[in-house]
Amino acid sequence: MPEPPGTPFTEFIGAMLDEAGEGYSRLTLTCGPDHLGLDGHVHGGILTALMDSSVGIAISRLRGTEARRRAPHATIEMNTTFLARADEGDDLVVEGRITLSTDAIVTGESEVRLASGKVLARGRLTFAIIRRSG
């Protein structure tokens with residue numbers, strides 16, 4: 001059963017967490033009028049935010065709560081390829097997976113597709129592990 005993803009911004013845009021495990025997450029979103037750009041299609045920023053969140057959640061599930069408290073992670077690079085558009089009423093599925101995890105850097109990939117399976121965007125992301133002093 002889908003649940004709120006637990007991150008304020010991702011909840012704000014209306015995404016739900018469908019599934020998550022160590023190094024993996026799947027978010028869903030039904031596109032509404034607030035997700036549209038001036039051209040009448042879903043804004044690319046919504047897709048990139050969902051991809052960023054999907055990988056961030058996958059990292060959180062991999063690293064655990066205590067590791068995140070001592071050394072949080074933050075996106076430092078994202079490369080996105082947009083392949084198709086989404087419209088109001090479309091149901092999106094966003095999957096994020098970790099591809100590499102070290103003490104300093106975590107990389108991942110994410111894909112946004114329609115519930116029908118049509119791929120809308122793909123992204124590659126890099127996160128830094130921020131070591132807190134003291």
(message) Between Ser110 and Ser54, is there a side-chain donor-acceptor contact under 3.5 Å, judged purely by atom types and distance?
(response)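 Side-chain D/A pair, Ser54 to Ser110: present.
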About how many Å separate [atom2] of [Y] and [atom1] of [X], when rounded to the nearest 0.5 Å?
X: Glu88; Y: Asp34; atom1: CD; atom2: CG; value: 9.0 Å
X: Leu92; Y: Leu47; atom1: CG; atom2: CG; value: 6.5 Å
X: Asp52; Y: Thr7; atom1: CG; atom2: OG1; value: 9.5 Å
X: Cys31; Y: Leu114; atom1: SG; atom2: CG; value: 8.0 Å

(request) Using modelled atom types only, decide if a donor and an acceptor are shared between the side chain of Arg85 and the backbone of Gly40 within a distance under 3.5 Å. (result)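 It does not hold such a pair.
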(message) Checking the side chain of Arg122 only, and the main-chain atoms of Leu83 only, is there a donor and an acceptor separated by less than 3.5 Å?
(response)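 Flag not set: sc Arg122 to bb Leu83 has no pair under 3.5 Å.
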(message) For Asp39, is the CG atom crowded, meaning more than 12 foreign heavy atoms sit under 6.0 Å from it?
(response)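 Yes, enclosed.
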(message) Counting only heavy atoms not in His43 (residues, nucleotides, ligands), do more than 12 fall under 6.0 Å from its NE2?
(response)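 Count not over threshold, so no.
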(request) Indicate, with yes or no, if Phe127 and Leu100 share a hydrophobic cluster defined by side-chain heavy-atom contacts under 4.5 Å among Ile, Leu, Val, Met, Phe, Trp and Tyr. (result)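 No, no single cluster joins them.
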(message) Is there a path of hydrophobic side-chain contacts, each under 4.5 Å between heavy atoms, that joins Leu120 and Val42?
(response)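 Both belong to a single hydrophobic cluster.
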(request) Compare all side-chain heavy atoms of Thr107 with those of Arg124 and state whether any distance is below 4.5 angstrom. (result)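 Thr107 vs Arg124: side chains apart.
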(request) Decide yes or no for Tyr24 and Arg61: does some side-chain heavy atom of the first lie under 4.5 Å from some side-chain heavy atom of the second? (result)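 Side-chain contact under 4.5 Å: no.
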